[in-house]
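What you see is a predicted model, and the numbers here were worked out from it, not measured in a lab. Every chain is numbered from 1, with letters handed out A, B, ... down the list of sequences.
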Protein chains: 2
Amino acid sequence: MAEEAHGLGRHTRQRLQVTALLEETDEFRSAQRLHEMLRARGVPVGLTTVYRTLQILSDAGEVDVIRLPSGEHLYRRCGAGRHHHLVCRHCARTVEIPGPGVEQWARRIARQHGYVDVAQTLELFGTCADCAAQGRT
Amino acid sequence: MAEEAHGLGRHTRQRLQVTALLEETDEFRSAQRLHEMLRARGVPVGLTTVYRTLQILSDAGEVDVIRLPSGEHLYRRCGAGRHHHLVCRHCARTVEIPGPGVEQWARRIARQHGYVDVAQTLELFGTCADCAAQGRT
DNA sequence: CCAAGTTTCGGAAACGGTTGTCATTATAGT
DNA sequence: ACTATAATGACAACCGTTTCCGAAACTTGG
Ligand SMILES: [Zn+2]
Ligand SMILES: [Zn+2]
Ligand SMILES: [Zn+2]
Ligand SMILES: [Zn+2]
């Protein structure tokens, strides 16, 4: 029993804890922040393992990744289907934006210039209603 | 005389060499690559100075910067006005794409979800016609 | 032209997020 | 349980970038 037919490797205590934590929020969070949170609640997990688990999850399409201007990666458990992200730059609260429209536009633009096999990186950063109400610029 | 009214500091040999090199191409290039190229043509410039110069130029809006998935920054002397970039992932040859359409779309989406002060990151990566003809995947 | 003040240079060291190493430990099929 | 195999995690390495700081190069006033 407890068969692993999901392409994610073994069900270890640590991975279950990371995935459980990712289920709890709509915010994008960094590997280091997730690690801190797990340690804070008494889960003895190594930072390396958190990075490894997030790598596996993102390779499997189970989590989405965005990169801040600083270079750090943020991870989030998202809904199915391609989409972009509207992320609050203060609290990282995120709304999913359906993707097809922009993707079509990108493919058309690329073809017009002779480029093929186009990929896009599009993220939107803003200040969410709550953070704006609290006066955060 | 020869006063510097351009907000870029002094016209030193090194800065002139960096800007001159940037004028020579339509490709985005990394600081390290620019440094190598200058040394290769006998210009004795330090890597630190190349980084500093590129920082100054990008702050002044004289060059555009994009970031590769690996995290390294690429720099290019671009035309005036806001635009996005369609970049060949093999040779970094770049076409400028007018920006207003996407920006309008982004602002509208953001407002619909209560987000304000929206900023976007959009780059297109593809394979250019030449590189495709040479069989690069 | 000279001296004093200011800016820039550049080698070396630090930085920060991420990835590799490898001996130890946990998992899952039998 | 037993065993083969995969995962863990403390630590070190990595890599592009930034900071430090003494030396060198400009600029300015006299
Ligand atoms: Zn998502
Ligand atoms: Zn917010
Ligand atoms: Zn540009
Ligand atoms: Zn190309």
[N] phosphate, OP1 or OP2, under 4.0 Å from [X] side-chain N/O:
X: B:Ser70; N: D:dC15; answer: no
X: A:His73; N: C:dG17; answer: no
X: B:Arg10; N: C:dT6; answer: no
X: A:Tyr51; N: C:dT19; answer: no

Regarding [X], tell me which of base, sugar-phosphate or nothing describes its non-hydrogen contacts under 4.0 Å with the strands shown.
X: A:Arg67; answer: nothing
X: B:Thr48; answer: base
X: A:Thr49; answer: base

Item checked: B:Tyr115 OH to A:Arg93 CZ distance, which is reported to the nearest 0.5 Å ->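 Going from the OH atom of B:Tyr115 to the CZ atom of A:Arg93 covers 6.5 Å.
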Rounding to a whole Å, what distance do you find between [X]:[atom1] and [N]:[atom2]?
X: A:Leu74; N: C:dT18; atom1: CG; atom2: P; value: 9 Å
X: B:Gln32; N: D:dG16; atom1: CD; atom2: C1'; value: 6 Å
X: A:Gln14; N: D:dA7; atom1: CD; atom2: P; value: 11 Å
X: B:His11; N: D:dA25; atom1: NE2; atom2: P; value: 20 Å
X: B:Leu68; N: D:dT17; atom1: CG; atom2: P; value: 9 Å
X: A:Leu47; N: D:dA13; atom1: CG; atom2: P; value: 18 Å
X: A:Gln55; N: D:dA6; atom1: CD; atom2: P; value: 19 Å
X: A:Leu34; N: C:dG17; atom1: CG; atom2: P; value: 14 Å

Checklist line | Axial bend angle, the helix from C:dC1-D:dG30 to C:dT30-D:dA1: five-pair end segments, nearest 10° | finding: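 For the helix from C:dC1-D:dG30 to C:dT30-D:dA1, the axes at opposite ends meet at about 30°.
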Next item on the list: Applying side chain to side chain donor-acceptor pair (under 3.5 Å), run through A:Arg89 and A:Thr127 and close with a yes or a no.
Entry: CA-CA 6 Å; A:Arg89 63 169 61 84; A:Thr127 300; 3.3 Å; yes
Note to self: Quick one about A:Asp130 and A:Gln134 (side-chain donor to acceptor, distance below 3.5 Å, no hydrogens or angles considered), yes or no?
What the structure shows: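 A:Gln134 vs A:Asp130: no donor-acceptor pair found between side chains.
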Checklist line | Options D:dT8, C:dA26, D:dT17, nucleotide nearest the side-chain atoms of A:Arg13 | finding: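 The answer is C:dA26, which lies nearest to the side chain.
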Note to self: Closest approach to the side chain of B:Thr12, judged atom by atom: which nucleotide of C:dT8, D:dG16, D:dA7 is it?
What the structure shows: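 Nearest listed nucleotide: C:dT8.
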Next item on the list: With the side chain counted from C-beta on, respond yes when A:Arg15 and A:Ile56 share a heavy-atom pair under 4.5 Å apart, and no when they do not.
Entry: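 SC-SC contact between A:Arg15 and A:Ile56 confirmed.
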Check: Taking atom CZ of A:Arg82 as the centre, does the number of heavy atoms from other residues, nucleotides or ligands within less than 6.0 Å exceed 12?
Finding: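 No, CZ of A:Arg82 has 12 or fewer neighbouring heavy atoms, counting only those of other groups under 6.0 Å.
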Next item on the list: Indicate yes or no for a side-chain donor-acceptor contact from B:Thr53 to the backbone of B:Thr49 under 3.5 Å, with no hydrogens or angles considered.
Entry: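 Between the backbone of B:Thr49 and the side chain of B:Thr53 there is a qualifying donor-acceptor contact (under 3.5 Å).
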Margin query: Quiz question: going by heavy-atom distance under 3.5 Å, is there a donor-acceptor pair between the base of D:dG9 and the side chain of A:Arg52?
Written below: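 Checked by distance alone, the answer is yes.
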Margin query: I'd like to know if B:Asp64 and B:Arg77 make a salt bridge, using a cut-off of under 4.0 Å between side-chain N and carboxylate O.
Written below: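 Looking at B:Arg77 together with B:Asp64, the answer is no, because their closest N to O distance does not fall below 4.0 Å.
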Note to self: Tell me which one of B:Glu123, B:Glu24, B:Glu96, B:Glu62 satisfies salt bridge (charged side-chain N to carboxylate O under 4.0 Å, His left out) with B:Arg76.
What the structure shows: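 Single pass found, and it is B:Glu96.
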